[in-house]
Engineer: 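Shown below is the structure under consideration.
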Amino acid sequence: MFFGSYYTCENEGVMREKSMNELPLMDENEGIVLFYPNVPENALEEVSKVLHSRWIGQGPRVVAFEKEFETRFLTNNTALAVGSGTDALHLSYILAGIGPGDEVIAPVFTCTATNIPFLYMGAKIRFADIDPETLNINVDHVRQLVNTKTKAIVCVHYAGLPCNMDELLKISREYNIPLIDDAAHALGATYKGQNIGEITDFSVFSFQAIKHITTGDGGMITLKNRDLVEKAKRIRWFGIDRSAKQNGHWENDIYEVGYKYQMNDIAAALGLAALAKFDETLKYRQQLFSEYEKQFSGIDDIKLIGTGLTDRTHASWLCTVLVEKRHDLMNKLRSFKIESSQVHYRNDRYTVFGGRRSDLPNMDMVEDKYLVLPLHGKMKPTDVEYISKVIKSGW
Ligand SMILES: *Cc1c(COP(=O)(O)O)cnc(C)c1O
């Protein structure tokens, strides 16, 4: 059957960690896996309907998925579905006007998907440090890095906890540059009563295999500026205006380079099925997270990341703890058939990003301490109790 960790967006990282630790990936029947895809009961029927219809490519289900997404999460912004979260990130960077040689401020601690598209574009990444309390982007460091050459700021709501949006928005307005939030972990999260997806110029969501909602692979970009919607649609499809083409006129010249970044109707059918159940999904994940919080409260050796902020809600995608002797804890968990992993690695560890930076003291401090524990819809609150009990017995 499926092996939870194969679904992380940085499988390469997981494999590397595995070889370091000699921990094979676990079978779900063996114990408690880290991730499990969320495919609701009715998904099969929804997909089957699409497969028996005329449209399996980008068609009416994609439009319906975008509309449903807007209904659930947005009041002003426009949602456009794409083939992956990475597609959505790249598209947002293009729409933000980033070009070769431009400087961007981006989080160092995130999925490589956040930063890889900058390499497609020849942009210059200035990695911002983390806040050691939340592992989100450190606003003070963003302030130090920002200058007149900065073309955009990107943040990621790590684990599902929103960043300090007011302060980031303030910087983006001061310098008149777009703020883009990678919200791949944060579907359903809120900040001061506003949904993530509504706050910035561009928000990006992922429906990759292990995210809150999965479409196999898929993503969504939400746009504040309506004037960019038509351009975004063109770039999603080679640079061609698909609606003009379908009217039979020769109005489909290509003026700008586009990509093949659309979502298809098979994926959208999965998305619609999962969206219909999303409130339950989110509530359940939050319940499991709260159970972890309850279990670890008052325990000095385990610091649960992302608690204690009352002005925002946590989408509970990951449960991350800071511990000493992480590898020992991982080994102990494995001996009790509990999977754990780093999931993401500081991106400057990858050669392709130009090598390790020396101005990221908080990242240096937590780099060997953070660990992600299982959190997904197939788990029960009693599994959290069990995991916590194993951890609390020492390592
Ligand atoms: C999953 C993820 C993405 C997007 O990944 P895709 O696999 O391209 O959908 C982007 N950023 C973060 C932080 C992620 O976790």
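Start at 1 and go down the list; that is how both ligands and their atoms are numbered.
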Engineer: Please check whether His185 reaches ligand 1 - meaning an N/O of the residue sits under 3.5 Å from an N/O of the ligand, judged on distance alone.
Structural biologist: yes
Engineer: NZ of Lys380: more than 12 outside heavy atoms within 6.0 angstrom?
Structural biologist: no
Engineer: Among His344, Lys211, Gln208, Met220, whose heavy atom sits nearest atom 3 (C) of ligand 1?
Structural biologist: Lys211
Engineer: Within ligand 1, which atoms have a heavy atom of Ala184 less than 4.0 Å away?
Structural biologist: 2 (C), 3 (C), 10 (C), 11 (N), 12 (C), 14 (C), 15 (O)
Engineer: Name the residue from His157, His212, His344, His314 that meets the side-chain hydrogen bond (donor to acceptor under 3.5 Å, both in side chains) definition with His185.
Structural biologist: His344
Engineer: So is Arg72 actually on top of Phe278's ring, under 6.0 Å and inside 45° of the axis?
Structural biologist: no
Engineer: Taking only heavy atoms of Val156 into account, list the atoms of ligand 1 that are under 4.0 Å away from them.
Structural biologist: 13 (C)
Engineer: Using a strict 4.0 Å threshold on nitrogen-to-oxygen distance, state whether Arg349 and Glu367 make a salt bridge.
Structural biologist: no
Engineer: Which atoms of ligand 1 have any heavy atom of Thr114 under 4.0 Å away?
Structural biologist: 11 (N)
Engineer: Could an N or O of ligand 1 be found under 3.5 Å from any N or O of Gly85, whether backbone or side chain?
Structural biologist: yes
Engineer: Do the side-chain N and O atoms of Thr200 and Asp181 include a donor-acceptor pair separated by under 3.5 angstrom?
Structural biologist: yes
Engineer: Flag the pair Asp364 and Arg346 as a salt bridge only when some basic side-chain nitrogen lies within less than 4.0 angstrom of an acidic carboxylate oxygen.
Structural biologist: yes
Engineer: Counting heavy atoms only, which of Thr86, Asp182, Val343 is nearest atom 11 (N) of ligand 1?
Structural biologist: Asp182
Engineer: I need the atoms of ligand 1 closer than 4.0 Å to a non-hydrogen atom of Thr110, numbered in the order shown.
Structural biologist: 13 (C)
